[in-house]
There are 2 protein chains.
Amino acid sequence: MHAVARLNTPRARCADCPTRHRAFCASCDIDELAALDRIKSYRTYKPGETIAWAGKKIGFVGSVVEGVALLSRTLPDGRRQMVGLLLPSDFLGRPGRDEVSFDVVAVTTVMFCVFRRTEFERLVAATPHIGQRLLDMTLDELDAARKWMFLLGRKTAREKVASLFVIMARRDAALSEVDPSGGLRFPFYITRQAMADYLGLSIETVSRQISALRNDGLFEITDGRTVLVPDFARLIDESGDDADGGVLI
Amino acid sequence: MHAVARLNTPRARCADCPTRHRAFCASCDIDELAALDRIKSYRTYKPGETIAWAGKKIGFVGSVVEGVALLSRTLPDGRRQMVGLLLPSDFLGRPGRDEVSFDVVAVTTVMFCVFRRTEFERLVAATPHIGQRLLDMTLDELDAARKWMFLLGRKTAREKVASLFVIMARRDAALSEVDPSGGLRFPFYITRQAMADYLGLSIETVSRQISALRNDGLFEITDGRTVLVPDFARLIDESGDDADGGVLI
DNA sequence: CGCCTGATTGACGCGGTTCAACCTCAGTGG
DNA sequence: CCACTGAGGTTGAACCGCGTCAATCAGGCG
């Protein structure tokens, strides 16, 4: 489904894009943005829609403008592992290869700013700092993936669940620019199934660990969608990360 | 320890480097190699030596010329997870940041071709296709890390161990350019501890699974250092990867 | 020979999965 | 208005895979 209707909104101009200063184009100047404007288009996906299949071709590359998508791999017997998240400003696809390695599925409605792959490759070749920015973003993702590997390989169920709440709190605090060190409150919409896929656990274990952490006073869940953390430092303790910030993302 | 002695060997010239066509400099021309020759130096580390500590600064960036190093993270309570491998042609460090996120330890004697970070950054800015090559290599590493996440999160101990043998076989076959589909034979020097750190298991479980796979005829270990796989397809079956090649690295 | 490091094997128990029952809540339609 | 339904979540009970602890073994080296 193409977001034709949106092409006339202010968002259609790169200079007004909400991800203008974080996406692959962060370091582009006015002229370069104009060049992007000429070759980009928008594409949106509905919640649950598959954006790309593991091992299959996608003809485009693109940057998330709004919404959330996730990368995962599923075995024929049903085992599923989430391996990454696409948030606004994250990039999907790579220059020089036309297939993706993982299933990409929209969680919310997702809007991408997309380019034909060959056209984008030409652009990168002509605009070196786009490549540099992509390199920087990719290195950050690699670090995050490796920290995640630690969680999957070595943390207990309780630590995994606590880690996830720490991450969600951090991410929310980063968006709303609140200091997360004291008590804090944030919304959460993720299902138990998604948490389980993320953490390499079963949904039952996730549910039990959430109950246990709640009983131990590490957080409350009011009205089912809002988490309230009275003492963030205690939650971090439970997450099993050492002091120097070995925290995901 | 600096490999001063080696500076007069043929290897000291980039054009003769064994990683010439695979490392970050793969797409450099003669003139660019000459520029690299001018600012590079070599540095070697002994087996077991720590090359960099997680969260600490390293003043240089560099490319592995020979040997093996590994990236890992260890918690104060001793839990350890390997999160990556540095093989010849792999790159350590990143432009624009002077600390590493993981411990880097030499497994064998490792020789790096190193650059001062600031100098390397200038080089990347002046030579765009170096950045592009780094991006490509980093994207490959990211894919590998994500496949590894699947292994850590969802595979059984038996599948993990089988996967590791598949990987070692593939890597050896790639080096010696032998078709791995039939029976094959390759050396292995990795300790149980390293395998356990790699797979997110205990050494005892690794040992038991190796015995089980051996008893089931999936491979033999002659003389303690050589693995013999009579039927590679069967081993792949046991690794739990689906057909389309969801295999690490 | 004794020592040390790495590997194997067994016994045991715990943490997390599996299977299953039940609960809540939001639609939906009579 | 309430019964019905289905999806997501919680909780319990039983099982078992893997970690832990410990004993033993094999090989390399002084």
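Every chain is numbered from 1, with letters handed out A, B, ... down the list of sequences.
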(request) Using whole Å, report how far CG of A/Asp223 lies from C1' of C/dT24. (result) 14 Å
(request) May I have the distance from A/Met195 (atom CE) to D/dG9 (atom P), rounded to whole angstrom? (result) 9 Å
(request) Take the angle between the ring planes of A/Tyr45 and A/Phe60 and call it parallel below 30°, perpendicular above 60°, tilted in between. (result) parallel
(request) Check step by step if salt bridge (Lys or Arg N to Asp or Glu O under 4.0 Å) holds for B/Lys155 and B/Asp241. (result) CA-CA 9 Å; B/Lys155 286 193 182 179; B/Asp241 282 309; 3.2 Å; yes
(request) Measure from CD1 on A/Ile210 to C1' on D/dT10 and round the result to the nearest Å. (result) 11 Å
(message) Looking at A/Asp140 and B/Arg94, is there a salt bridge between them, counting it only when a charged N and a carboxylate O are closer than 4.0 Å?
(response) yes
(request) Find which nucleotide of DNA chain D each of A/Arg154 and A/Ile221 is nearest to by heavy atoms, and output the residue with the more 5' nucleotide. (result) A/Ile221
(request) Return the nearest nucleotide to the side chain of B/Ser202; candidates are D/dT20, D/dG9, C/dA7. (result) D/dT20
(message) Counting only side-chain heavy atoms from C-beta out, which of C/dT18, D/dG9, D/dC18 sits nearest to A/Arg192?
(response) D/dG9
(message) Expressed as a whole number of angstroms, how long is the span from B/Asp197:CG to C/dG6:C1'?
(response) 14 Å
(request) Report, as yes or no, whether the 6.0 Å neighbourhood of atom CZ on A/Arg185 holds more than 12 heavy atoms from other residues, nucleotides or ligands. (result) no
(message) If I compare all heavy atoms of A/Lys46 with all of A/Ala106, which pair ends up nearest, and what's the gap?
(response) O-CB, 3.4 Å
(request) Using atom CG of A/Leu199 as one end and atom P of C/dT17 as the other, report the distance to the nearest whole Å. (result) 10 Å
(message) What is the distance, to the nearest angstrom, from the OH atom on B/Tyr189 to the C1' atom on C/dG6?
(response) 16 Å
(request) Take the protein atom CZ of A/Arg225 and the nucleotide atom C1' of D/dG8, then report the distance between them rounded to whole Å. (result) 10 Å
(request) State whether B/Arg158 and B/Asp216 are salt-bridged, where the test is any N-O pair (Lys NZ or Arg NE/NH1/NH2 against Asp/Glu carboxylate O) under 4.0 Å. (result) yes
(request) Would you check if A/Arg214 and A/Val227 make a side-chain contact, meaning some heavy-atom pair closer than 4.5 Å? (result) no
(request) Determine the contact category for A/Leu201: base if any of its heavy atoms lies under 4.0 Å from a base atom, sugar-phosphate if only primed atoms, P, OP1 or OP2 are that close, otherwise nothing. (result) sugar-phosphate
Between protein and nucleotides 11-13 of chain D, what N or O pairs are separated by less than 3.5 Å?
| unit_1 | atom_1 | unit_2 | atom_2 | d |
| --- | --- | --- | --- | --- |
| D/dT11 | OP2 | A/Ser211 | OG | 2.8 |
| D/dG12 | N7 | A/Arg208 | NH1 | 2.9 |
| D/dG12 | O6 | A/Arg208 | NH2 | 3.3 |
| D/dA13 | N6 | A/Arg208 | NH2 | 3.4 |

(request) Quickly work out the B/Arg79 CZ to C/dG15 P distance and round it to whole Å. (result) 13 Å
